[in-house]
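If you're wondering where the values come from, they're calculated on a predicted model, not measured in any experiment.
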Amino acid sequence: MSVQRAFWEHRTYPGDLSQLRQVRQDLATDLAGFPDDAVQTLVLCASELFANACKYTASGQENGQVLRTLCLRRGRLLRLGFTDDGGSGRVPQIPTERTATEWDEAEGQRGLLMVQELSTAWGYSLTCPWADLGTSTWALIPLPDGTAPPPDLRPYIFTR
């Protein structure tokens, strides 16, 4: 019988873009045995969500941190999340007030658009709605049709 719900132990990273390599490696390690397409999609989404936390929030400042969460839902949806330290004064969103020319000339701020296209859904929740103390941004990535989680998957996975 396969596991329908599994939780990986949370991982915490310094809020520095130099940590992206470690974030990617940890995801590949944690998802060993899962379909390569799903893992690669998660790694791309992780890169964008982690980078946003570092660039646009207090996580990217001295002693800042980013918390990664990962779980499997209903045996077929991987949910990846990153929680930042807050301090941005805004919420994650895809810019909508751009002309076609402005989109063509934009060098950045396309990450959430990519996450939206690669995932079944994405969103965010404020850790403390009454104060700017952190935002958890997440994406749902389905396993390819006809595939199942690894047979030896446990309900709770210790990562370190």
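- Judged as a salt bridge (charged side-chain N to carboxylate O under 4.0 Å, His left out), not a single pair has a partner in residues 139-156 (not counting sequence neighbours).
- Using bins of under 30°, 30° to 60° and over 60° for the plane-to-plane angle, the ring pair W122/Y124 lands in the tilted bin.
- D30 meets the side chain to side chain donor-acceptor pair (under 3.5 Å) test with R11, R68; sequence neighbours excluded.
- Residues satisfying the side chain to side chain contact (heavy atoms under 4.5 Å, CB included) criterion with A6, sequence neighbours excluded, are V3, W8, L72, L153, I157.
- Q22 and D26 are linked by a side-chain donor-acceptor pair at a separation below 3.5 angstrom, with hydrogens and angles left out of the test.
- With sequence neighbours left out, P14 forms a side chain to side chain contact (heavy atoms under 4.5 Å, CB included) with Q19.
- The line from CG of L78 to CG of L140 is 9.0 Å long, rounded to the nearest 0.5 Å.
- When the ring-ring contact (aromatic ring centres under 6.0 Å, His included) test is applied to F7, no partner is found at least two apart in sequence or on another chain.
- By the side chain to side chain donor-acceptor pair (under 3.5 Å) test, D16 pairs with S18, sequence neighbours left out.
- For V23, the side chain to side chain contact (heavy atoms under 4.5 Å, CB included) partners two or more places apart in sequence, or in a different chain, are Y13, A46, F50, F82.
- L77 and Y156 are not part of a single hydrophobic cluster, where members link through side-chain heavy atoms under 4.5 Å apart.
- For T147, the side chain to side chain contact (heavy atoms under 4.5 Å, CB included) criterion is met by P35, L143, P144, not counting sequence neighbours.
- Residues meeting the side chain to side chain donor-acceptor pair (under 3.5 Å) test with T41, sequence neighbours left out: none.
- Taking S119 as the reference, nothing meets the side chain to side chain donor-acceptor pair (under 3.5 Å) condition, with sequence neighbours excluded.
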